[in-house]
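A, B, ... follow the sequence lines: proteins, then strands. Residue 1 opens every chain. Computed from a predicted model, the values in this text were never measured in an experiment.
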2 protein chains.
Amino acid sequence: MSVGIRHDDLRRRNRAMVITAVRRAGRPSRTEIAATTGLSHSTISAISSDLIGEGILAEGKPSEAGALKRGRPQVGLGLNPEAAAVMTVVLSLNFLSVAVIDYAGQVISEEQRRLDTLTMSREALIGECVAIVRRRLEDPDIDVRSVARIALAIQGITDTEARAMLWSPITPQTNIAFADILEAQFGIPATMENDCNMMAVALRWRDPERYRDDFIAILLSHGIGMGLVLKGELFTGTHSSGGEFGHMIHRPGGALCRCGRRGCVEAYAGNYAIWRNAKQLGEDTEPVADVSDAQMRALAATARERDGPEREAYRKAGEALGYGLGSLFALIDPAPVAMVGVSAAAFDLIEPALREAIAQTAGGQHSKSISFDTEPNELPLIREGCAMRALTFVDQEIFAPGVQTKAGLAAKKNVA
Amino acid sequence: MSVGIRHDDLRRRNRAMVITAVRRAGRPSRTEIAATTGLSHSTISAISSDLIGEGILAEGKPSEAGALKRGRPQVGLGLNPEAAAVMTVVLSLNFLSVAVIDYAGQVISEEQRRLDTLTMSREALIGECVAIVRRRLEDPDIDVRSVARIALAIQGITDTEARAMLWSPITPQTNIAFADILEAQFGIPATMENDCNMMAVALRWRDPERYRDDFIAILLSHGIGMGLVLKGELFTGTHSSGGEFGHMIHRPGGALCRCGRRGCVEAYAGNYAIWRNAKQLGEDTEPVADVSDAQMRALAATARERDGPEREAYRKAGEALGYGLGSLFALIDPAPVAMVGVSAAAFDLIEPALREAIAQTAGGQHSKSISFDTEPNELPLIREGCAMRALTFVDQEIFAPGVQTKAGLAAKKNVA
DNA sequence: TCTATTTTTTCGAGCCCCGAAAAAACACTG
DNA sequence: CAGTGTTTTTTCGGGGCTCGAAAAAATAGA
């Protein structure tokens, strides 16, 4: 059963609340924080004075510096960029991308690298990741001790504890405990996240108006992935990252999927499936390993140009996505959708069939009110989400007495 | 954003924790409560002394009265049955069932009634519900003032706020705000719940070992319903009760469903669908309004006896359920399943095709480890869940200072 | 320079939880 | 049957936390 609340948890939680409020609002005054958190001015005053003393927050000008009002001017509180840093590692098909981000969210060092992930050995793959992290940590601009957390993201399935990649389409290797490996190597806490979940996290930071409590991020790429936020929480499976929207069954016994099974949504809507249908290769044809973005854009151009197998391929993709979303909506009710990835740029070709399909389902009752947004480039989104995930983890640690970051500890020593 | 924790919330939450611990454990001693809640003995002592003073808890013998040990004997704490009472109203096809339950969970008054829900007018339906509640409240055994909450359950879709029935297969009427209506009539807080969700709640109380944090309750009845518990929480949609497993799409454009759409899981696995297939009526045939339990049992008997359309009908049901579960598991990962309702008694006929189908899906990777349990009778389960739901609501109110029940207030006055 | 206004800090009061010690309630022992 | 050991429960003092009210601080406008 859930455990009782100890008295000291109180301060810890309220510190967290204040830090979160500052991260969200940018440079709020103490008064604003008091309003958003519902805590009293005295409490906010006490907590923020602690946090400033520990080097986590710093005073500055308020966000609306121009607004000259009567009375004592508000003092803006901001995150101290030097309080800590985090590192993001994004591993996607043939591509490895790493960045170091300061506590305020600015990139301070990055590196990207092409790899042949599909053919690499387990050791080589792990080795490359460790090496690139090491190189960034050795960057003279970086204070190694300030790096408080590493967040990895990978396309594929991760475990609920965010320790390991269980399965990924970008490599034949399975069950790599990346988080444990990096922690052992560098002594920095690490987590292993699912790429689509990070997309969802990023969308929420980018546009909290639209993507607030309930929304869906769907990756339309070589494979089909999903990040789901329900009731303000990232949705995950009971054992794994879950949310394998691409492997819901669209047609029992249908087209051959990259996962080896038949009839998955992805087997109609993934790049390889659109490609296969456009080239009229037959649904039993083994999926191709990769289709370049340029090839997909060319396919979409042809489909727009003339009515032929290309257009039909996109129509089938739309149908599969529509029925899949319909089934999903039967479970969770309709919610705003963000289509991300190269095929999101061809959403005009997908949408008609998608809407038609969704109208045939229980979730489609309000078909017209379901709104879609598109974002053709997934990588920046994944990186951004990863960074925010890592930073909010640090937020959770810094305020937790006894689990101080080094920066926090150092600052505390300075005060004492 | 989530609000800060006020100082007084602490006591409120910890009181809740103690009450919950007592409800779960039966007659735990203070020491046991301290262990399960993680709070200190002194805190438990203080809180339980308050709760006893307010008439919410009562001292008694410990549950294991026989265990004579050295030392001061434990004093068992139990819920005071007279602290409050709740009422459950379960509305199902042609049947209305009401019970009054004391704070310790014992039924103290009940009434059941046959109705013709499918043809009744809106006013008649509401009228019957109000009347039956009034009759129970006028029962001389019942102290009206002690009834602290009413929980209604209905087959169909309810809203997330648990105020109204939005749609139900048992009546052509839609959007009846039963909770508001009963509150207005009797001045007792009420909620409107989905029947399958209540089944899930009941299963958790019945067998917390098996049904703990993640599990699925599927109703195999005239329609197909689902109650889902994920990460220890009842899963609901963003706007409605959600979890409309029966209306996930099994075959796009397939068999005609009672909901008017095509290819839903229910259109293959609901009683009417099994009936339709067994009678070889064709998938476009309008679903029959009702099939009696006896008819379904006869159908199952025939299917067990000989290989014919009856057996094939169950096979098709199994297939639809299997692919549906496969898609569900792709989203949430596999979890224990309880099959409830009359067709659960025919699960032997359903299971082979179900397992075969599920093995074709992403969720079926661990097909053998997915375990099914069956419970042919849904009504007792729904009633029980409803009662527990209402009682835990009361638990949440009694401990919230300022929202005392009448019983709580009276007891407090006596003390003062 | 003074006043009105708004933000921020200070201070005492009131709660709450915890650990340690005391009290209570029994079984066992000789 | 009184004394001893054991376990549960209560009591008590200490340390923290949040809150409201009042004071202090910082500025625009008169």
Under 4.0 Å between a Lys/Arg side-chain N and an Asp/Glu carboxylate O for [X] and [Y]?
X      : Y      : answer
A:R27  : A:E59  : no
A:D207 : A:R210 : no
B:D214 : B:K231 : no

Mind calculating the distance between [atom1] ([X]) and [atom2] ([N]) to the nearest angstrom?
X     : N      : atom1 : atom2 : answer
B:L39 : C:dC16 : CG    : P     : 13 Å
A:R12 : D:dC17 : CZ    : P     : 12 Å
A:D50 : D:dT18 : CG    : C1'   : 13 Å
B:E32 : D:dT7  : CD    : P     : 15 Å
A:N14 : D:dG16 : CG    : C1'   : 13 Å
A:R11 : D:dC19 : CZ    : C1'   : 13 Å
A:M17 : D:dC17 : CE    : P     : 15 Å
B:Q74 : C:dA24 : CD    : C1'   : 15 Å

Are any protein N/O atoms closer than 3.5 Å to N/O atoms in nucleotides 11-14 of chain D? If there are, list each pair with its distance.
none

Compare all side-chain heavy atoms of [X] with those of [Y] and state whether any distance is below 4.5 angstrom.
X      : Y      : answer
A:F235 : A:V229 : no
A:I56  : A:N80  : no
A:N14  : A:L39  : yes

_D:dT9 OP1/OP2 closer than 4.0 Å to side-chain N/O of B:T31_ =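 The answer is yes; a side-chain N or O of B:T31 sits under 4.0 Å from OP1 or OP2.
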
*Can you find a side chain N or O atom of A:R72 that sits less than 4.0 Å from OP1 or OP2 on C:dT9?*
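For C:dT9, OP1/OP2 do not have a side-chain N/O of A:R72 under 4.0 Å.
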
